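Just so it is clear, the model here is predicted, and its values are computed rather than measured.
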Amino acid sequence: MAVRIVDVGFGDPVVERVYEELLRPGFPPDELLLRSELDDALRQGSGVLAVALDEAGDPRGAAVGEWRAGSGVLLLSYLAVRGGQRSAGIGSRLMEHVGTHWQRSLSPRMTLAEVEHPMAHPASEHGDPVARLRFYWRRGARALDVPYVQPALRKGTRRVPDMLLLLLLTSSGAPPHREEDIDAETVLAFLRDHFVEAEGEEALEDRALDAMWEAVRGRPRVPLLDLADTDRLPRATG
């Protein structure tokens, strides 16, 4: 299937279709931004959205990024492909866009992604964590050795335990080298921004998150782990 990848901004009518047809089916409520929150991010410039459109202009896949200017980190929040078309190369095309256009326009210090730990989250109607991790592994991603919990996105939602924080791309725009580790100060700045925006300043002192904070505070570098070695990937209850 021929698709073209385009960046879409606030007010584009395709955003509604992306949210309802791709993001909502692809992610459980506790992991998904509200449509209004996506609109706010696009309007404010803290969010970026790339859409794979077919010849009829219908969305077949989408990538959503959150730009954390304070830490210089780009978070690939969501990568979704329409059901039944997940082996057609659309996800790969979107990742190429993230690794080229978004890198040139934002120049992030690192590009991260949140994914479910495959040993803790079973396959569901929202997707298969094993397949998602394999997708990123094939593209050279590595996991931060940090027991990561996704913050509660808003009042009424819960933190998502046993998530993995992946390093997709370094500051050069390339995947990390096999034996590489990364700057802990940048990771800590990202985590602070991420949790404070979602939950407020109290998250910084929450004892339930001690293991996560201790993995990055007071150390110069954060080790990276092979995604194929799932037994070694960190778990976190939060």
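- The shortest side-chain heavy-atom distance between L133 and L164 falls under the 4.5 Å cut-off.
- Under a cut-off of 6.0 angstrom, the local environment of CZ in R154 is crowded, with over 12 non-hydrogen atoms contributed by other residues, nucleotides or ligands.
- Contact check on D193 versus R68 returns no salt bridge, with no Lys/Arg side-chain nitrogen under 4.0 Å from an Asp/Glu carboxylate oxygen.
- At a threshold of 4.5 Å between side-chain heavy atoms, the hydrophobic network of Ile, Leu, Val, Met, Phe, Trp and Tyr places I182 and L166 in two separate groups.
- In R104, the CZ atom is crowded: over 12 heavy atoms of neighbouring residues, nucleotides or ligands sit closer than 6.0 Å.
- Contact annotation: the side chain of R60 never approaches that of L53 to less than 4.5 Å [non-hydrogen atoms, C-beta and beyond].
- With a 4.5 Å cut-off on side-chain heavy atoms, L168 and P175 do not count as touching.
- Here M212 contributes atom CE and Y148 contributes atom OH; the two are 7.0 Å apart, rounded to the nearest 0.5 Å.
- Inter-residue side-chain proximity for L204 and E202 is flagged as unmet; no heavy-atom pair is nearer than 4.5 Å.
- Ion pair D226/R232 not flagged as a salt bridge, since none of the NZ, NE, NH1 or NH2 atoms sits closer than 4.0 Å to an Asp/Glu carboxylate oxygen.
- Distance alone, capped at 3.5 Å, places no donor-acceptor pair between the R24 side chain and the Y19 backbone.
- When all heavy atoms are compared, the tightest approach of S71 to T186 is O-CG2, 3.7 Å.
- Residues L75 and F195 fall within the same hydrophobic cluster, defined by Ile, Leu, Val, Met, Phe, Trp and Tyr side chains chained together at heavy-atom separations under 4.5 Å.
- The backbone N or O of P25 sits less than 3.5 Å from a side-chain atom of H126, completing a donor-acceptor pair.
- When atom types are taken as modelled, the side chain of R219 and the backbone of A215 share a donor-acceptor pair closer than 3.5 angstrom.
- Stacking of R192 on the aromatic ring of F190 is not recorded, the 6.0 Å distance cut-off and the 45° axial limit not both being met.
- Residues L33 and V160 do not share a hydrophobic cluster, defined by chaining ILVMFWY side chains whose heavy atoms lie under 4.5 Å apart.
- Taking the charged nitrogens against the carboxylate oxygens, E199 and R159 do have a contact shorter than 4.0 Å, which makes a salt bridge.
- Both V81 and W137 are members of a single hydrophobic cluster when ILVMFWY side chains are connected at heavy-atom separations under 4.5 Å.
- For the residue pair L233 and A143, the shortest heavy atom distance occurs at CD2-CB, 3.8 Å.
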message: Under the criterion side-chain contact (heavy atoms from CB on, under 4.5 Å), I'd like the reasoning laid out for L224 against L167: C-alpha separation, chi angles, the key distance, then a yes or no.
response: CA-CA 8 Å; L224 298 176; L167 177 63; 3.7 Å; yes
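- Side-chain atoms of D145 never come within 3.5 Å of backbone atoms of P223 as a donor-acceptor pair (strictly under, hydrogens ignored).
- A distance of 6.0 Å separates CG in L106 from CG in L74, rounded to the nearest 0.5 Å.
- Under the 3.5 Å distance criterion, the side-chain polar atoms of Q103 are matched with a main-chain donor or acceptor of V98.
- The main-chain N or O of G26 is never found under 3.5 Å from a side-chain atom of Y78 such that the two would form a donor-acceptor pair.
- Counting only heavy atoms from C-beta outward, the side chains of V146 and V222 approach each other to under 4.5 Å.
- Note that CG of D12 and CG of L42 are 9.5 Å apart. Values are rounded to the nearest 0.5 Å.
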R109 and T170: CA distance, side-chain angles, deciding distance, side chain to side chain donor-acceptor pair (under 3.5 Å) verdict: CA-CA 6 Å; R109 295 177 183 171; T170 66; over 6 Å; no
Audit row: E114, H194, side chain to side chain donor-acceptor pair (under 3.5 Å) steps and yes/no: CA-CA 12 Å; E114 301 166 315; H194 198 39; 3.0 Å; yes
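- The number of heavy atoms from other shown groups lying within 6.0 Å of CD (E205) does not exceed 12.
- The cluster map of Ile, Leu, Val, Met, Phe, Trp and Tyr, joined by side-chain heavy atoms under 4.5 Å apart, puts V187 and V196 in the same cluster.
- The backbone N or O of F135 lies less than 3.5 Å from a partner atom in the side chain of R139, making a donor-acceptor pair.
- Scanning both residues, M95 and L76, for their nearest heavy atoms gives SD-CD2, 3.8 Å.
- A120 and P122 get closest at one heavy-atom pair: O-CD, 3.7 Å.
- Residues V15 and G9 come closest through the heavy atom pair CG2-O, 3.9 Å.
- Other residues, nucleotides and ligands contribute only 12 or fewer heavy atoms inside 6.0 Å of the CD atom of E55.
- Atoms CD and CD, on E116 and E31 in that order, are 4.0 Å from each other to the nearest 0.5 Å.
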- prompt: Does the side-chain contact (heavy atoms from CB on, under 4.5 Å) test come out yes or no for L23 and L32, once each step is laid out?
  reply: CA-CA 8 Å; L23 299 183; L32 184 61; 3.9 Å; yes
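- The CG atom of L34 sits 10.0 Å away from the CG atom of L38 when rounded to the nearest 0.5 Å.
- Atoms CG and CD1, from L94 and I5 in turn, are 4.5 Å apart once rounded to the nearest 0.5 Å.
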task: Evaluate the side-chain contact (heavy atoms from CB on, under 4.5 Å) criterion for residues L112 and L144: first the C-alpha distance (whole Å), next the side-chain angles of each, then the deciding distance (0.1 Å), finally the verdict.
output: CA-CA 9 Å; L112 304 177; L144 279 65; 4.2 Å; yes
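- The heavy-atom pair separating W213 from L191 by the smallest distance is CZ3-CB, 3.6 Å.
- Considering only heavy atoms from C-beta on, P59 comes within 4.5 Å of V14 through its side chain.
- Residues M163 and V115 fail the side-chain proximity criterion, which asks for heavy atoms closer than 4.5 Å.
- At distances below 3.5 Å, not a single donor-acceptor pair connects side-chain atoms of Y136 with backbone N or O atoms of R142.
- Looking only at side-chain heavy atoms (C-beta outward), L153 and D30 stay at 4.5 Å or farther from each other.
- Proximity of a side-chain donor or acceptor of H101 to a complementary backbone N or O of V6 within less than 3.5 Å is not detected.
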- prompt: Given the rule in the side chain to side chain donor-acceptor pair (under 3.5 Å) test, do D7 and W102 qualify, once you have shown the distances and angles that lead to the verdict?
  reply: CA-CA 9 Å; D7 281 321; W102 287 5; 3.0 Å; yes
